[in-house]
Amino acid sequence: MKPEEIREKDKDIHAFLEVFDEPKTYGEGPLSGKTIAIKDNFLFEGHKASAGSKILENFTAPYDSTVVKKLKEAGATIVGRTNMDEFAMGSSTENSAYGVTRNPHDLERVPGGSSGGSAAALAAGLCDMSLGSDTGGSIRQPAAFCGVVGLKPTYGRVSRNGLIALASSLDQIGPFTKTVTDAEILYNVIKGEDPLDSTTINDETYPVQKKFDKTIGVPREFVEKEGVSEEVRKNLDEAIEKFESLGYNVVDIKLETLAYALAAYYIIMPAEASSNLARFDGVKYGLHKDGENSIDDYFKTRGEGFGRETRRRVILGTYVLSSGYYDAYYGQALDAKRAITEELRRAFRSVDLILTPTTPTPAFKFGEKSSPLEMYLADIFTVHANISGCPAISIPSGKVGNLPLGIELTADLGREDNLFTAGKDFMGE
Ligand code: GLN
């Protein structure tokens, strides 16, 4: 598809912030002939990277992120950068400084977030594959809302060098694709140890705990929470039946610590974000606003450059890290993180995968989540994977009316192979 054609087809959806005029192909490899869209928080040398923020409106990437370098070597053609919630904070792409992205299945509804542009671009057929980043669900949730496959790899599997950071202990890059087979191909291209990211891991980092024998655990109590729509519950039961008919053994499991995952996430994430975003001071990058003196410059630049949600999280993060509240909030959230990780790893000694819905509801309407807390609840089923570092995939599991739904499989650390096996079985690939 030519750039003009993508632009024309994207008019109503606004998945792209920019469709490149002359997309180039560099190397040759497993992605030859494939067009790929990247989220606006990836550095791609010579191109803008604004992370959906006004503060980086005129920032041009001075080098390639490791992932972009790998895409180039693998023969991909990068066609453009996609819209996102500012600094990847959000679940609807309504927080972008550059306007919303619409869900291709229903233009009145959100595509999910924060990688809503990448999910919508793929769902609308404007690229063959796309990439996003996932800090608390930002690949899996929009994948579910847009009816595509979305994978968050194990923490450290994919280099974050050249990804504009949100929360460094949670962020992970991953693919959006139409099939699980394609997700595996793209994952194999982008994964790997990287001297430029000391948190990256290799195939041997996590020794295999358990041989794959088609066992799936469903944390029933957690799934049957308030706020989970009837359609979503029904869809999960159908998915369970399908897995059973494919020879899987599906059992109920108890995961008591999952109840604390969302609260822990909304402490750890803003804490790290407040620290990461301190670099946007009007001196080093992007926007600069003149005030009375240099402190005033700082307040003006950040006040005008950051949107509401970003400012909210910077304030929240600074608060939970402040000396008087550190133990009460941040310290406790870290304890919860440890407990969640231990409980999940224990569970993976007896089951290969954990199955939940990806989202409590199908795609919602613009403006429907009027309070931030309501919006945060959209992440209820996704944050555990980031908190524990475990890999998780969202797979299309049918529709309610014209709205797609997704199921989510989570695996033990380093066991993406189990996600691919079960995902392909489920999709009949
Ligand atoms: N929706 C979550 C949030 O608002 C997740 C964001 C993400 O994964 N980048 O923080």
Side-chain angles (χ1 to χ4, degrees), residues 38-42 51-53 82-96 100-101 110-119 130-146 150-153 155 158 160 163-176 261-277 306-317 320 333 337 358-361 363-364 368-369 371-394 406 408 410:
I38 54 173
K39 190 173 178 177
D40 189 35
N41 54 355
F42 287 69
S53 181
T82 56
N83 199 15
M84 58 184 280
D85 284 304
E86 185 176 22
F87 288 108
M89 299 181 195
S91 312
S92 66
T93 316
E94 289 169 291
N95 296 336
S96 167
V100 302
T101 294
V110 305
S114 64
S115 318
S118 287
S130 56
L131 283 175
S133 62
D134 189 312
T135 305
S138 281
I139 293 174
R140 291 159 286 153
Q141 188 252 15
F145 280 8
C146 291
L151 168 74
K152 183 208 81 83
Y155 181 72
V158 180
R160 291 176 293 109
L163 173 75
I164 298 174
L166 173 55
S168 308
S169 79
L170 307 168
D171 295 345
Q172 201 39 205
I173 291 170
F176 287 98
L262 196 66
Y265 172 80
Y266 274 99
I267 291 174
I268 296 170
M269 191 278 309
E272 293 185 20
S274 71
S275 159
N276 274 326
L277 297 186
F306 288 151
R308 268 178 84 89
E309 185 60 22
T310 302
R311 279 176 288 158
R312 177 181 297 118
R313 295 202 195 187
V314 167
I315 292 169
L316 194 62
V320 299
K337 177 184 161 101
T358 308
T359 58
T361 65
F364 44 87
E368 191 180 315
K369 308 273 177 205
S371 82
L373 285 179
E374 253 181 81
M375 188 70 89
Y376 299 168
L377 279 170
D379 308 328
I380 185 92
F381 295 130
T382 48
V383 292
H384 67 281
N386 305 77
I387 286 197
S388 61
C390 290
I393 194 167
S394 178
E408 179 186 48
T410 306

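This chain uses plain numbering: 1 for the first residue, then up along the sequence. Whatever order the structure lists them in is the order used to number ligands and atoms, beginning at 1.
Shortest contact from atom 3 (C) of ligand 1 to any protein heavy atom: Y266 OH, 3.2 Å. Remark: minimum distance from atom 2 (C) of ligand 1 to any protein heavy atom is reached at D379 OD2, 3.1 Å.
Not one N or O of D134 is nearer than 3.5 Å to an N or O of ligand 1, by distance alone. Ligand 1 has no N or O atom lying under 3.5 Å from any N or O atom of K39, backbone or side chain. Residue contacts with ligand 1: L166 is placed with no nitrogen or oxygen under 3.5 Å of a nitrogen or oxygen of the ligand (distance criterion only). On a distance-only criterion, S133 and ligand 1 share no N/O pair closer than 3.5 Å. Considering backbone and side-chain N/O of G113, none are found under 3.5 Å from N/O of ligand 1. For ligand 1, none of its N or O atoms has an N or O atom of M89 under 3.5 Å away.
With a heavy-atom cut-off of 4.0 Å, S138 touches ligand 1 through backbone and side chain alike. Looking at T135 against ligand 1, both its backbone and its side chain come within 4.0 Å, counting heavy atoms.
When the side-chain contact (heavy atoms from CB on, under 4.5 Å) test is applied to S96, the partners found at least two apart in sequence or on another chain are N83, Y98.
Looking at M269, M375, R313, E309, it is R313 that brings a heavy atom closest to atom 4 (O) of ligand 1.
Between L262 and D379 the shortest side-chain heavy-atom distance falls below 4.5 Å.
Listed by atom number, the atoms of ligand 1 under 4.0 Å from A88 heavy atoms are 6 (C), 7 (C), 9 (N). The contact set between ligand 1 and G136, taken as ligand atoms under 4.0 Å from a residue heavy atom, comprises 5 (C), 7 (C), 8 (O). Which parts of ligand 1 touch Y265 is read off a 4.0 Å heavy-atom cut-off, strictly below it: atoms 2 (C), 3 (C), 5 (C), 6 (C), 10 (O).
The backbone N or O of S138 lies less than 3.5 Å from a partner atom in the side chain of S115, making a donor-acceptor pair. A side-chain donor-acceptor contact under 3.5 Å links R311 to the backbone of F306.
A donor and an acceptor atom, one from each side chain of Q141 and T382, are nowhere located under 3.5 Å apart.
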Self-check item: Derivation and outcome, side chain to side chain donor-acceptor pair (under 3.5 Å), residues S53 and E86
Solution: CA-CA 5 Å; S53 181; E86 185 176 22; 2.5 Å; yes
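Each of V158, N41, D134, T135 was scored for a side chain to side chain contact (heavy atoms under 4.5 Å, CB included) with D171, with one residue passing: T135.
Between Y376 and Y266, the two ring planes are parallel [angle under 30°; tilted spans 30° to 60°].
From M84, atom CE reaches atom NZ of K39 across 4.5 Å, with rounding to the nearest 0.5 Å.
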